[in-house]
Amino acid sequence: MNEFALAQHRQLFPALANKSYFNFGGQGVLAQPTLDAMVEAFGYIQRQGPFGVRTNAWVSQVSQRARAAFAGAIGVAAETISLTENVTVGCNIALWGMDWQAGDHILLTDCEHPGVVAAIQEIQHRYGVITTTMPLLAAQTDEEILDLCLGHLQPRTKLVVLSHVLWNSGRVLPLVELTEQIKAASRGPEILVLVDAAQSVGLLPLELSNSLVDFYAFTGHKWCCGPEGVGGLYVRPAAREALRPTFIGWRSLSYEATAGGGLLTDGRQYEVATSAYPLYAGLAAAIDLQNQWGDRALRYQRICQLSSDLWQRLQALPQVQCLLPTPPASGLVSFRVDGVATGPTVQKLETEHIYIRNLGYPDSLRACIHYLTNEEEVDRLILAIANLK
């Protein structure tokens, strides 16, 4: 795809018309076809009647379309996907669905999102579970990451919680190798692995069926540029027996007479009840639009090229230090600027129509490169950073 094709594609995204947007890791931008799909879906429901045979059939179809769109984005079978609202809900389904016993051990990293950490702390409080945090942020190589993880496993480690792409530094963890070695190191029942995939789905060219990840929680509103309020959870079929649903509703249940009722046996068993189904139509439209521009590999290649360029140009500024010693294999580029407060800097840049964010841990700035980002926006950001005082 050439720059002219990208320029035409960008015109479909109203938010890109008047700003340089580098906050895809917080929330992506909606395309006009995505907005149109949601408006049309809301209208269809009202024209048909919000509850009826035809509307209920449409709900089933649009739900399956969203499930299939997510499955295609991560390289798994659609029946392994549960539709959720966001990453945190997906992580909570996995965390609270396990059979915790006093003395069980959870290993997590120092780069996990506060919402996930808080859920683990509550499990620790309620069940007498032991937790350990491994210092992953300072790790420099994949080998060091693997050694850290294996070195922190305990005889009663039941679950390892980590992020595929670290939301603060942008480092991509060697997920296939990690899961293989964690499983091999299990001293009793197989250790399960929960992955916060907030920064990977829609960014990395994933083939998750090739990994031993047990639970993979993700969202559609960041790198997929879908609507907020639609996410997913992948549960590896071999791990499903270890995960009981915490919340149960009509969407969790089988109504087939031959099945005798009870819970469904695929990813739907972790879904609960009524949702804003037009958002599912928007999610499917958003992923379809990305695939029309280019496949996962092409989009990822562009992201890596641009993020590498941004990293190198930031490193060349004497007052800037990037968090990673090499260009990230993702679109997240985090950095510090000498003598500059991060919060006021974000506010100042926004007045110049440049959108980045500041991080609390570590205190730094983060710019997210998407395949939608163009070279002129990178130029604008570099100039603005160079002129900070």
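Not one N or O on the side chain of Thr109 forms a donor-acceptor pair closer than 3.5 Å with the backbone of Leu162. A side-chain donor-acceptor contact under 3.5 Å links Ser186 to the backbone of Ile191. Side-chain atoms of Glu180 do not come within 3.5 Å of backbone N or O of Glu177 as any donor-acceptor pair. Side-chain atoms of Arg296 come within 3.5 Å of backbone N or O of Gly72 as a donor-acceptor pair. Under a 3.5 Å cut-off, the side chain of Asp309 and the backbone N or O of Gln305 do not form any donor-acceptor pair.
At a cut-off of 3.5 Å, with distance as the only test, a side-chain donor of Asp363 or Thr342 sits close to an acceptor on the other residue. Looking at Gln292 and Asp288, their side chains do bring a donor and an acceptor atom within 3.5 Å of each other. No side-chain N or O of Asn23 forms a donor-acceptor pair with one of Arg366 less than 3.5 Å apart. A donor-acceptor pair shorter than 3.5 Å can be found between the side chains of Glu112 and Ser163. Inspection of the Ser308 and Gln312 side chains reveals an N or O donor paired with an N or O acceptor under 3.5 Å. In summary, the side chains of Trp96 and Asn92 do present a donor paired with an acceptor at a separation below 3.5 Å, with no hydrogens or angles considered. Between the side chains of Ser275 and Arg251, at least one donor-acceptor pair of N or O atoms lies under 3.5 Å. Using modelled atom types and a 3.5 Å distance limit, the side chains of Trp58 and Gln48 yield no donor-acceptor pair.
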Report task. Show the numbers, then the answer: is there a side chain to side chain contact (heavy atoms under 4.5 Å, CB included) between Asn168 and Ser364? Result -> CA-CA 9 Å; Asn168 38 22; Ser364 56; 6.0 Å; no

Requested in this report: Any chance you could lay out the ring-ring contact (aromatic ring centres under 6.0 Å, His included) test for Phe215 and Tyr234, step after step, and finish with the verdict?
Outcome: CA-CA 6 Å; Phe215 316 120; Tyr234 161 75; 9.0 Å; no

Requested in this report: Carefully, step by step, assess Phe13 and Thr34 under the rule side chain to side chain contact (heavy atoms under 4.5 Å, CB included).
Outcome: CA-CA 9 Å; Phe13 296 82; Thr34 303; over 6 Å; no

Requested in this report: Step by step, work out the side chain to side chain donor-acceptor pair (under 3.5 Å) result for Thr132 and His105.
Outcome: CA-CA 8 Å; Thr132 304; His105 176 239; 2.7 Å; yes

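Salt bridge absent: Lys222 and Glu228 never bring a charged side-chain N and a carboxylate O closer than 4.0 Å. Ion pairing of Asp214 with Lys183 is present here, as a side-chain N (NZ or NE/NH1/NH2) and a carboxylate O approach within less than 4.0 Å.
Checking each of Arg302, Arg299, Gln290 against His370 for a side-chain contact (heavy atoms from CB on, under 4.5 Å) leaves exactly one that passes, namely Gln290. Between Ser20 and the choices Arg380, Glu376, His353, the side-chain hydrogen bond (donor to acceptor under 3.5 Å, both in side chains) rule is met once, by Arg380.
Below 30°, between 30° and 60°, or above 60°: for His164 and Tyr216 the angle between ring planes is above 60°, a perpendicular geometry. Using a 30° and 60° split on the angle between ring planes, Tyr371 and His9 fall in the tilted class, from 30° to 60°.
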